[in-house]
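Read the structure below first, then the notes.
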Amino acid sequence: MTPLTKKRIDNFKANKRGLWSLWIFGILLFLSLFAEFIANDKPIYVQYDGKHYFPVIQTIAETEFGGIFETEADYKDSAVRDLITAKGFYIMPPIEYAHQFSLGTKVLAAPSGDHILGTDDMGRDVAARLIYGFRLSVLFGLALTIASSIIGIIAGSVQGYFGGKIDLFMQRFMEIWSSMPLLFILIILASIVDPTIFWLFFIMLLFSWMKLVDLVRAEFLRARNFDFVKAARALGVREHIIVFRHILPNALVSTFTFLPFILTGAVTVLAELDFLGFGLPSSYPSLGELALQGKNNLDAPWLGITAFVMLAFMLSLLIFIGEALRDAFDPRKVRL
């Protein structure tokens with residue numbers, strides 16, 4: 001580890017708010033990756049007649065447990081549970097509901113011991129949808145952030161390094177492309193086709209890649225006239241090696257500080273679309289859709305409060321992490 005990297009890590013750790021936010025966000029993300037083992041209407045593990053089953057990741061017919069139906073066992077059915085306990089046992093997740101609709105649940109049920117955050121207007125457990133919705137929002141935002149950053153860094157590198165007509169043409173193109181209202185375009189397109197998560201990802205990627213272009217372009221315009229770049233050209237080093245090995249690492253330093261804010265924007269746009277009803281179908285667990293239910297069901301305040309607290313908490317963590325990264329890479333604080 002170089003002294004400069006160590007100094008940046010120390011600066012990040014010095015920002016206690018950002019450090020704790022990173023730990024909390026990392027733990028929440030890690031737990032949400034195993035949402036099926038935390039909130040599910042299927043057992044995590046079943047032992048029956050000396051055999052071992054994992055219904056969370058397996059589809060097991062009721063006949064395997066001595067039932068009469070060849071379809072997948074309904075583990076919420078007391079008859080199926082009695083069949084299992086007659087010759088074995090089962091272990092249920094902490095929350096015995098998935099994010100989909102479950103038979104027997106009450107619509108707009110207030111928080112209780114059975115549903116710790118209540119149910120929505122379709123009888124779905126809010127706590128389960130909160131866990132799955134958090135995972136969907138973060139993974140969607142991370143994928144969009146990574147993909148848009150890669151495209152933006154490549155575009156900015158080409159503009160800044162080569163300059164001239166290439167830079168002029170791409171700048172004019174970006175001015176026209178960025179002037180299009182993304183939210184309105186998504187709403188119009190969503191009214192024409194049935195939106196899916198991949199469809200939304202592709203459309204949002206078409207407009208989100210420009211966020212880092214200007215920053216990377218400026219870094220390349222500044223660094224391409226440095227002595228080490230001129231020396232590399234004089235030695236006959238190929239252009240792509242100069243770009244990706246010599247200049248790009250320096251340009252990436254400043255871009256890292258923007259990644260949490262780009263992730264925050266991606267999560268926010270997805271929640272906005274779902275809240276307006278132009279995002280993912282209602283079958284997907286979504287924080288924006290939960291907020292919409294809170295608006296439509298004011299007599300069930302737990303819906304709106306849960307969505308607001310989760311979104312505000314998650315976005316605050318990302319902002320605090322971004323502030324800590326900004327301090328860590330601030331050149332005024334990493335002088336050796």
Side-chain angles (χ1 to χ4, degrees), residues 24-25 27-41 93-144 183 186-187 190-191 194-201 204 263-319:
I24 295 171
F25 183 79
I27 292 172
L28 292 177
L29 178 58
F30 177 78
L31 292 176
S32 70
L33 295 178
F34 301 93
E36 287 80 6
F37 295 88
I38 300 174
N40 210 321
D41 53 5
I95 301 175
E96 299 185 10
Y97 296 94
H99 64 87
Q100 302 99 342
F101 171 75
S102 298
L103 292 174
T105 56
K106 296 181 179 180
V107 175
L108 296 178
S112 62
D114 194 23
H115 301 280
I116 57 176
L117 293 178
T119 63
D120 61 10
D121 56 7
M122 296 182 65
R124 299 171 297 193
D125 187 81
V126 174
R129 291 185 67 80
L130 190 67
I131 296 172
Y132 284 87
F134 176 85
R135 180 177 67 178
L136 177 66
S137 298
V138 173
L139 292 182
F140 181 89
L142 283 174
L144 184 61
L183 190 59
L186 286 170
I187 292 174
S191 62
D194 293 329
T196 64
I197 190 168
F198 297 104
W199 182 89
L200 284 176
F201 177 84
M204 293 176 65
L263 175 58
T264 301
V267 172
T268 303
V269 170
L270 181 63
E272 288 174 353
L273 289 173
D274 292 334
F275 178 78
L276 295 173
F278 296 101
L280 299 172
S282 61
S283 58
Y284 283 85
S286 167
L287 300 178
E289 192 265 344
L290 184 61
L292 176 61
Q293 289 200 35
K295 181 183 75 73
N296 295 334
N297 300 279
L298 297 179
D299 55 335
W302 57 87
L303 296 176
I305 292 174
T306 300
F308 170 77
V309 170
M310 186 71 254
L311 282 171
F313 183 67
M314 176 174 58
L315 297 178
S316 297
L317 291 178
L318 292 174
I319 293 298

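Excluded from the calculations below are hydrogen atoms, water molecules and symmetry mates; all remaining heavy atoms, backbone and side chain alike, are included. Residue numbers run from 1 in the order of the sequence given. Values in this document were obtained by computation on a predicted structure and should not be read as measured data.
Rounding to the nearest 0.5 angstrom, the gap separating the OG1 atom in Thr196 from the CZ atom in Phe201 is 12.0 Å. In this structure, Phe30 CZ and Arg135 CZ are separated by 13.0 Å, a value rounded to the nearest 0.5 Å. Atom CG of residue Leu292 and atom CG of residue Asn297 lie 9.0 Å apart, to the nearest 0.5 angstrom. Atom CD1 of Ile305 is separated from atom CG of Leu290 by 11.5 Å, given to the nearest 0.5 angstrom. Summarising the geometry, atom CG belonging to Asp41 is positioned 12.0 Å from atom CD1 belonging to Ile95; distances are rounded to the nearest 0.5 Å. Distance check: Ser32 OG to Leu136 CG gives 10.0 Å after rounding to the nearest 0.5 Å.
Closest non-hydrogen pair, Leu31 versus Ile38, comes out as O-CD1, 3.3 Å. Nearest approach of Met314 to Val138, heavy atoms of both residues: SD-CG2, 3.7 Å. Annotation for Ala39 and Pro93: closest pair N-CB, 4.2 Å, computed over non-hydrogen atoms. Here the shortest heavy-atom pairing between Tyr284 and Ile197 reads OH-CG2, 4.2 Å. Closest approach of Ala312 to Ser316, counting heavy atoms only: O-OG, 2.6 Å.
Using cut-offs of 30° and 60° on the angle between ring planes, the pair Tyr97 and His115 is tilted.
Trp302 places no side-chain N or O within donor-acceptor distance of the main-chain N or O of Asp120, the cut-off being under 3.5 Å. When atom types are taken as modelled, the side chain of Asp125 and the backbone of Ala128 share a donor-acceptor pair closer than 3.5 angstrom. Remark: side-chain polar atoms of Arg129 are paired, donor with acceptor, to backbone N or O of His99 under 3.5 angstrom.
In this structure, Leu130 and Leu117 have side chains that are in contact, with non-hydrogen atoms separated by less than 4.5 Å. Between Leu303 and Leu108 there is a side-chain heavy-atom pair separated by less than 4.5 Å. Between Val269 and Leu144 there is no side-chain heavy-atom pair separated by less than 4.5 Å. You'll find the side chain of Tyr132 reaches within 4.5 Å of the side chain of Asn40, heavy atoms only.
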> Passes side-chain contact (heavy atoms from CB on, under 4.5 Å), Asn296 versus Asp121? Steps please.
Replying inline: CA-CA 9 Å; Asn296 295 334; Asp121 56 7; 5.6 Å; no
> What's the verdict on side-chain contact (heavy atoms from CB on, under 4.5 Å) for Leu139 and Leu33, showing C-alpha distance, side-chain angles and the deciding distance?
Replying inline: CA-CA 9 Å; Leu139 292 182; Leu33 295 178; 4.2 Å; yes
> Do Leu280 and Phe140 pass the side-chain contact (heavy atoms from CB on, under 4.5 Å) test, and can you show the C-alpha distance, the side-chain angles, and the key distance before you say yes or no?
Replying inline: CA-CA 12 Å; Leu280 299 172; Phe140 181 89; over 6 Å; no
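Each of Leu287, Leu311, Asp274, Leu142 was checked for a side chain to side chain contact (heavy atoms under 4.5 Å, CB included) with Ser137, and the lone residue meeting it is Leu287.
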